[in-house]
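Quantities reported herein were computed from a predicted structural model and do not represent experimental measurements.
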Amino acid sequence: MNPVKRSLMKSVNCAALVAALGTPVINQTQAALFKIDFGHLENERPPVDANGDPIMDNNGNPLPAPANLIDWTILPTWTYADPVANVTPGSASAIGTPNPAGTEVTWPLIDSSLPAKTNVTITILDNKALAESLAPDAPPYMTGQTANNPTKEGIDVLYDGVRVPFTVKDDYLYRAPDTAGTESLMRIANLDPGTYNVTVFEGRTTDSNGRFGKIWVDGITATKEPATQNTGNYSGVDDSGTKLYKGQPRTVTVTLKAGEYLWFAEMEDSSGGISGMIIRSADPVDSPGLFKVDFGQLENERAQTALDGTPKLDPDGVEVGAPAPLKDWNVIPTWTYADPNANVVPDSASISGTPSADGAEVTWKLTDFSKDGNANVTLTIKDNKALAESVAPDAPPYMTGQTANNPTKEGIAVVYDGVLVPSIVKDDYIYRVPDTAGTESLLRFAGLKPGKYNVTAFEGRTTDSNGRHGKIWVDGISGSKEPATQNTGNYSGVGDDGTVLPFGQPRTVTVDIKAGEYLWMAEMEDSSGGISGIIIRGIPSAPTAVELQGSSTVKGPYTTVSSAVIDTAAKSIKVSATGKAQFFRVQGSDKITGISLANGVLTITYQ
């Protein structure tokens, strides 16, 4: 056997193979939520009745147009010659900037994740080559896009977990001219590398030939456009001709690398257009554990109502109802120790709790929404009785349960710590009963695997002027190490200076849990507001740097082999054989999986 190979094998068996601990990745590198509303008409139209007459308020005055959307980028009718001609002063319509050649217009996009990204843009241009192929003598070059709203269902919907107001769904933009077979090309720039869900939709329910597009990842020039559509029909009419008042959004998942662009070709067919696009980072399901708890059932189960407070009906007279039950959040509804499941509605997303024998605790089994699939995690809620007794020794305000509330309803979906938080999660909350200031609800999470976790708490209410605070820590089963003061910061929908924060201000505390330990949270009652949700996300260890180290003796010293060629993608190391005995070890690897020698080159594979 070649001495180099023999020596290497000795080193694998005898010398230490060091696997260094990596630095944890606490913040998501990819977290974003962009919502684009194509068409301004419904955003600026005052409400009218079935006869087209203005709807009056209690004083006999016509109701105004809906309040401006703050979480959607609205593109109104526009042209390359004057992209801002239809931007109404004081409206939510975005300002587009043309390029010097007058062949593109670019708009900045609003990010509903926190912290928000401010450099992502959408640019719209013509597929000129396609226009020329349709009519070489007189190509129907694109001059802009025009808004239209022939059908007005007035129904809010939930697409890919994101609330879509009817003012977004019920109008659309189409290419001008709308020559069948042409395309409007859309290029989204500066998205962070990562995986995204891209959802497109058209609300119009009379577009009988459907609407289709192409979604792909490419360079700045779009040389890789697919030959055919890959979205499926996203219009408000299905392929059988049935009207779909809630639409049929289509979602395509893409992965971008650094420097790449997201592209969309909106395929013109001379009927209909595009109402909206949602671009959101995929939830971090590759995390070692992902638990999402929604406190409060009210928004999950609240049916839409008309302006007069009666149930909202679709054009066929059928009640629109509540949103579909959430599938990726555990919802804890109003509960009491005496009857924790009295408010669990059948077929809803609410989960059932189990009371302890003494009636002092209730425990809920949580779902791990990561690929890790930890089925052993539970949440137990109990009172801090000692604190209640200290607040009022003669008549301690002992906790009897928690009650849901939803006084403010912003309807804004957000992304916290890389996780989508639907508006129906953010817009309600649970508070302690009784809500005596100075008391606490204690939350104990059991069964989490050892490791580091981000724990994110938030309250959506935007009228909780005294804020909301908590304590997050790691402890034994009794919670005896509770911090003396809050350590989350204010996580309510109102800043410490009184500023209303419709996107919220989630607070994240990073903890390190060892075997047998529990995660604890004290939800500090202040007689105003409560907690809307908690996200517990396992933090993966950063990839370790792999290094080949060598020595002429088993005991070392070992030094870096600078001539080694390390391929981290192939998980291989190549080094030239010297003909001399040498011992090697691989730092940053868990295991050597193979050793080979060919043409004077030693190859080590690892994992």
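Counted by atom type alone, T253 and N197 present one or more donor-acceptor pairs between their side chains at under 3.5 Å. No side-chain donor-acceptor contact under 3.5 Å links N330 and D294. For N405 and Y431, the side-chain atoms include no donor-acceptor pair closer than 3.5 Å. A donor-acceptor contact closer than 3.5 angstrom is absent between the side chains of T121 and T106. In summary, the side chains of T205 and E153 do present a donor paired with an acceptor at a separation below 3.5 Å, with no hydrogens or angles considered. When only modelled atom types and interatomic distance are considered, S492 and N490 share a side-chain donor-acceptor pair under 3.5 Å.
By the ring-ring contact (aromatic ring centres under 6.0 Å, His included) test, W335 is found to be paired with Y337, W364, residues two or more places apart in sequence or in another chain being considered. Partners of Y491 by side-chain hydrogen bond (donor to acceptor under 3.5 Å, both in side chains), not counting sequence neighbours, listed by chain and number: E523. Evaluation of the side chain to side chain contact (heavy atoms under 4.5 Å, CB included) rule for P54 yields M56, P62 as partners, not counting sequence neighbours. Among residues two or more places apart in sequence or in another chain, the side-chain hydrogen bond (donor to acceptor under 3.5 Å, both in side chains) test is passed with E301 by none. Under the side-chain hydrogen bond (donor to acceptor under 3.5 Å, both in side chains) criterion, K365 pairs with no residue at all, not counting sequence neighbours. D314 meets the side-chain hydrogen bond (donor to acceptor under 3.5 Å, both in side chains) test with no other residue; sequence neighbours excluded. Taking F458 as the reference, Y416 meet the ring-ring contact (aromatic ring centres under 6.0 Å, His included) condition, with sequence neighbours excluded. Judged as a salt bridge (Lys or Arg N to Asp or Glu O under 4.0 Å), and not counting sequence neighbours, K128 has no contacts. Residues satisfying the ring-ring contact (aromatic ring centres under 6.0 Å, His included) test with F34, not counting sequence neighbours, are none. Take K292 and apply the salt bridge (Lys or Arg N to Asp or Glu O under 4.0 Å) test, not counting sequence neighbours, and it matches D283, D328.
Residues V344 and I351 approach most closely at CG2-O, 3.7 Å, considering heavy atoms. Nearest heavy-atom pair across G203 and S275 is N-OG, 2.9 Å. Smallest separation of non-hydrogen atoms from W329 and P422: NE1-CD, 3.6 Å. Taking all atoms of both residues into account, the shortest heavy-atom contact from F295 to I531 is CB-O, 3.2 Å. Here the shortest heavy-atom pairing between I274 and V200 reads CD1-CG1, 4.1 Å. Of all the heavy atoms in G247 and Y159, the pair that sits closest is CA-OH, 3.5 Å.
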Name each donor-acceptor pair under 3.5 Å that joins a side chain in residues 212-220 to protein atoms two or more places apart or in another chain, with its distance.
{"from": "K214", "atom 1": "NZ", "to": "E183", "atom 2": "OE2", "distance (Å)": "3.0"}
{"from": "K214", "atom 1": "NZ", "to": "E225", "atom 2": "OE2", "distance (Å)": "3.0"}
{"from": "K214", "atom 1": "NZ", "to": "P226", "atom 2": "O", "distance (Å)": "3.1"}
{"from": "W216", "atom 1": "NE1", "to": "D218", "atom 2": "OD2", "distance (Å)": "2.9"}
{"from": "D218", "atom 1": "OD2", "to": "T223", "atom 2": "N", "distance (Å)": "2.9"}
{"from": "D218", "atom 1": "OD2", "to": "K224", "atom 2": "N", "distance (Å)": "2.5"}

Would you mind writing out the side-chain donor-acceptor pairs for residues 136-146 within the sub-3.5 Å range, not counting sequence neighbours?
{"from": "Y141", "atom 1": "OH", "to": "E132", "atom 2": "OE2", "distance (Å)": "2.5"}
{"from": "T143", "atom 1": "OG1", "to": "A176", "atom 2": "O", "distance (Å)": "3.1"}
{"from": "Q145", "atom 1": "OE1", "to": "W78", "atom 2": "NE1", "distance (Å)": "3.0"}

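Residues V320 and K246 have side chains in contact (heavy-atom distance under 4.5 Å, counting atoms from C-beta outward). With a 4.5 Å cut-off on side-chain heavy atoms, T305 and T310 do not count as touching. No side-chain heavy atom of N149 sits less than 4.5 Å from a side-chain heavy atom of D170. Two residues are said to be in side-chain contact when any heavy atoms from C-beta on lie closer than 4.5 Å; V318 and L313 fail this criterion. Contact check for V285 versus F369: no side-chain heavy atoms found under the 4.5 Å cut-off. In this structure the side chain of L114 never reaches within 4.5 angstrom of the side chain of V415, judged on heavy atoms. Side chains of L75 and I36 form a contact here, defined as non-hydrogen atoms less than 4.5 Å apart. The shortest distance between side-chain heavy atoms of T456 and R507 does not fall below 4.5 Å.
Salt bridge absent: R461 and D428 never bring a charged side-chain N and a carboxylate O closer than 4.0 Å. Using a 4.0 Å cut-off between charged side-chain N and carboxylate O, D417 and R537 make a salt bridge. With salt bridges taken as basic N to acidic carboxylate O contacts below 4.0 Å, none links K169 and E202.
Taking a 6.0 Å sphere around CG of N58, one finds it holds 12 or fewer heavy atoms contributed by other residues, nucleotides or ligands. Dense packing is recorded around CG of D308, with more than 12 heavy atoms of other residues, nucleotides or ligands lying under 6.0 Å away.
Shown are D71, D111, D160; of these, the salt bridge (Lys or Arg N to Asp or Glu O under 4.0 Å) with K35 is made only by D71.
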Problem - Derivation of the side-chain contact (heavy atoms from CB on, under 4.5 Å) call for N209 and D207 - result: CA-CA 6 Å; N209 61 350; D207 191 359; 2.6 Å; yes

Practice task
List the steps, then state whether side-chain contact (heavy atoms from CB on, under 4.5 Å) holds for E459 with K426.
Solution key: CA-CA 7 Å; E459 175 200 15; K426 188 175 76 70; over 6 Å; no

Problem - Candidate pair V168 and F201, rule side-chain contact (heavy atoms from CB on, under 4.5 Å), full reasoning - result: CA-CA 10 Å; V168 174; F201 55 93; 4.0 Å; yes

Practice task
Evaluate the side-chain contact (heavy atoms from CB on, under 4.5 Å) criterion for residues V425 and E299: first the C-alpha distance (whole Å), next the side-chain angles of each, then the deciding distance (0.1 Å), finally the verdict.
Solution key: CA-CA 7 Å; V425 174; E299 288 299 296; over 6 Å; no

Exercise for the section: Start with the C-alpha distance between E266 and R211, add both sets of side-chain angles, then the distance that settles salt bridge (Lys or Arg N to Asp or Glu O under 4.0 Å), and finish with yes or no. Expected result: CA-CA 8 Å; E266 221 279 312; R211 200 70 181 186; 2.8 Å; yes

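Here the CD atom belonging to E410 is positioned 10.0 Å from the CG atom belonging to L501, to the nearest 0.5 angstrom. Distance CD1/I124 to CG/L185: 10.0 Å, rounded to 0.5 Å. Atom OG1 in T499 sits 9.5 Å away from atom CD in Q505 (nearest 0.5 Å). Here CG of D239 is found 11.5 Å from OG of S208. Values are rounded to the nearest 0.5 Å. In this structure, D368 CG and S287 OG are separated by 9.5 Å, a value rounded to the nearest 0.5 Å. Note: D53 CG to N51 CG = 5.5 Å, rounded to the nearest 0.5 Å.
A donor-acceptor contact shorter than 3.5 Å links the side chain of D171 to the backbone of E42. Side-chain N or O atoms of D37 include none that pairs as donor or acceptor with a backbone N or O of T73 at under 3.5 Å.
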